[in-house]
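Whatever order the structure lists them in is the order used to number ligands and atoms, beginning at 1. Because the structure is a prediction, the values reported are computed rather than measured.
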Amino acid sequence: MTVDVSASSVNEAVRDYYSRVLSSSKDLQTSACCSAEAPPPHIAAALARVHDEVKDRFYGCGSPIPAALEGSTVLDLGCGSGRDAYVLAQLVGPTGRVIGVDMTEEQLAVARRHQGWHARRFGYANTDFRHGYIEDLATAGVPDASVDLVVSNCVVNLSPDKPRVFAEIFRVLKPGGELYFSDVFADRRIPAALLDDPVLVGECLAGALYTEDFRRLMADSGCADARTVATASIALGSPDIERKIGFAAFTSRTVRAFKLELEDRCEDFGQVAVYRGTLAEHPHAFDLDDHHRFHTRRPMLVCGNTADMLSATRYAAHFTVTGDQSTHFGPFPCAPVGTAASVDDSGAACC
Ligand SMILES: C[S@@+](CC[C@H](N)C(=O)[O-])C[C@H]1O[C@@H](n2cnc3c(N)ncnc32)[C@H](O)[C@@H]1O
């Protein structure tokens with residue numbers, strides 16, 4: 001079904017913000033759409049090979065670039081001027097490809113202007129920038145089950161129809177495919193009176209995902225177990241914006257979710273996972289999320305969901321997972337970072 005999302009007033013305000021109001025990252029009023037974290041060395045090296053004009057118009061809030069990318073087909077939702085797309089283009093290599101979708105022609109024009117430059121630099125051309133809406137990827141020409149990885153950097157919060165965005169993501173992902181995205185989250189629902197404020201919308205605050213509603217939305221979209229990889233607090237900085245919306249606490253989060261049939265609680269089937277240390281950028285340990293660090297060659301008990309994430313996805317080549325789910329041993333002790341039951345580094349428990 002095709003939906004006319006171009007008529008949405010929120011989309012209009014966002015398009016105006018990213019075409020007319022902002023001309024570089026320096027024009028942003030807060031740090032919400034502006035990643036402060038230093039990238040890991042392999043991403044820093046790839047970034048050094050991206051054109052300066054592309055980098056000047058970067059408005060992301062995180063680093064949605066996972067491991068094990070070679071040969072993958074990647075879709076970047078709200079690719080903007082293409083910074084992440086050009087980093088990913090290097091990591092997927094000549095046998096992979098990166099499709100960027102964005103609704104703002106001015107941003108796409110920057111991305112497209114430098115396609116030839118990047119192709120000459122990399123030695124191959126594997127990027128494709130398309131005008132379109134993340135709520136309607138079919139019209140942007142993305143077929144069912146055609147993508148290994150969907151990434152997005154500070155875009156989902158800007159959508160007036162988030163359930164459609166997640167429905168489209170899980171439609172286009174291949175079975176076992178991954179969604180890995182960074183976005184702005186809030187610790188509460190933002191009052192309706194602020195949802196149309198063009199600056200709060202454009203700065204990625206008004207549409208920020210309330211964490212509990214996000215969990216519900218993912219469950220409704222068919223993903224019962226999305227994992228937070230990283231969280232950083234956002235300082236609003238601007239006194240005007242602080243006055244309007246400073247009652248809420250905002251975080252930038254990177255989240256991963258898989259197109260897999262998972263359970264809504266972690267269950268114990270006695271399964272064990274061992275990371276082989278075979279990802280070049282992660283020789284000593286691999287972090288699945290903020291409470292699962294797999295040390296190379298160290299066996300770790302895992303719940304059924306984690307076992308599936310490591311054995312039925314592109315990470316399978318890098319893990320040995322033993323056991324199956326024929327015998328159930330009860331609920332798996334499961335808690336994220338900072339809670340009493342969270343995993344220590346001992347390798348004795350997971351989840
Ligand atoms: C905060 S910027 C981030 C751009 C890019 N991901 C980056 O990291 O530089 C948001 C981008 O999402 C695009 N966008 C927002 N809502 C969209 C929608 N519903 N469909 C397609 N693109 C959208 C905007 O045009 C803008 O380029």
Side-chain angles (χ1 to χ4, degrees), residues 3-37 39 43 47 50-65 74-88 98-112 114 129-142 150-169 180-184 198-209 234 250 252 254:
V3 179
D4 182 14
V5 283
S6 61
S8 149
S9 62
V10 171
N11 281 338
E12 280 307 325
V14 170
R15 200 185 348 259
D16 188 56
Y17 208 73
Y18 288 96
S19 57
R20 200 183 53 77
V21 178
L22 303 180
S23 53
S24 88
S25 331
K26 296 187 195 81
D27 299 330
L28 288 163
Q29 294 188 38
T30 71
S31 63
C33 299
C34 191
S35 171
E37 227 177 82
I43 296 178
L47 267 173
V50 175
H51 197 283
D52 283 342
E53 193 191 4
V54 166
K55 288 190 280 197
D56 282 350
R57 297 198 57 148
F58 169 66
Y59 304 122
C61 56
S63 182
I65 301 182
V74 181
L75 173 66
D76 184 359
L77 301 183
C79 60
S81 61
R83 190 192 87 148
D84 290 340
Y86 284 123
V87 169
L88 288 157
V98 182
I99 303 162
V101 172
D102 203 287
M103 67 174 187
T104 303
E105 289 289 7
E106 289 79 354
Q107 286 279 82
L108 283 174
V110 177
R112 288 176 179 144
H114 301 297
F129 294 102
R130 304 182 188 173
H131 181 265
Y133 292 87
I134 62 175
E135 299 84 355
D136 180 13
L137 296 169
T139 298
V142 189
V150 173
V151 301
S152 181
N153 201 344
C154 217
V155 180
V156 177
N157 75 85
L158 297 166
S159 172
D161 192 349
K162 295 174 180 59
R164 278 202 68 83
V165 174
F166 288 107
E168 279 293 80
I169 289 169
Y180 193 89
F181 78 110
S182 301
D183 222 300
V184 179
V199 173
L200 295 183
V201 170
E203 293 281 329
C204 301
L205 298 172
L209 300 129
I234 291 172
F250 294 92
S252 158
T254 298

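Annotation: L158 places no N or O atom under 3.5 Å from an N or O atom of ligand 1; distance criterion only. Close N/O approach between S159 and ligand 1 is not found [any backbone or side-chain N/O within under 3.5 Å]. Residue contacts with ligand 1: G60 is placed with a nitrogen or oxygen under 3.5 Å of a nitrogen or oxygen of the ligand (distance criterion only). Taking only nitrogen or oxygen atoms, main chain and side chain alike, T104 reaches within less than 3.5 Å of ligand 1.
When side chains are defined from C-beta on, S159 does not count as touching R164, because their heavy atoms never get closer than 4.5 Å.
With rounding to the nearest 0.5 angstrom, the CD1 atom of I169 is 8.5 Å from the CG atom of L75.
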Chi angles and distances behind the side chain to side chain contact (heavy atoms under 4.5 Å, CB included) call for D76, V155: CA-CA 10 Å; D76 184 359; V155 180; over 6 Å; no
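Residue contacts with ligand 1 for M103 involve both N, CA, C or O and side-chain atoms from C-beta outward (heavy atoms, distance under 4.0 Å). Of the heavy atoms in N153, both backbone and side-chain atoms come closer than 4.0 Å to ligand 1. With a 4.0 Å cut-off on non-hydrogen atoms, C79 touches ligand 1 through its backbone and not its side chain. Using a 4.0 Å cut-off between heavy atoms, N11 contacts ligand 1 through its side chain alone, with no backbone atom that close. Under 4.0 Å from ligand 1, not a single heavy atom of R83 appears. In V155, the part holding a heavy atom less than 4.0 Å from any atom of ligand 1 is the side chain.
Looking at D102, its side chain never comes within 3.5 Å of a backbone N or O of L77 through a donor-acceptor pair. With K162 contributing its side chain and N157 its backbone, the two residues share a donor-acceptor pair below 3.5 Å. Looking at R57, its side chain never comes within 3.5 Å of a backbone N or O of Q107 through a donor-acceptor pair. Listed for the E168 side chain is a donor-acceptor partner under 3.5 Å among the backbone atoms of A138. In this structure, R130 contributes its side chain and G141 its backbone to a donor-acceptor pair below 3.5 Å.
Within the listing of ligand 1, atoms 1 (C), 10 (C) sit less than 4.0 angstrom from a heavy atom of C154. Atoms of ligand 1 lying under 4.0 Å from any heavy atom of Q107, numbered from 1 in the order shown and given with element: 27 (O). Residue contact check: V14 has heavy atoms under 4.0 Å from atoms 15 (C) of ligand 1. Close contacts of ligand 1 with I134, meaning ligand atoms under 4.0 Å from a residue heavy atom, involve 18 (C), 19 (N), 20 (N), 21 (C).
When all heavy atoms are compared, the tightest approach of S252 to C61 is OG-O, 2.6 Å.
Using a 4.0 Å heavy-atom cutoff, R15 is absent from the residues neighbouring ligand 1.
Between the choices G100, G132, S63, G78, the shortest heavy-atom distance to atom 21 (C) of ligand 1 belongs to G132.
The closest side-chain donor-acceptor pair between E53 and S81, if any, does not fall under 3.5 angstrom.
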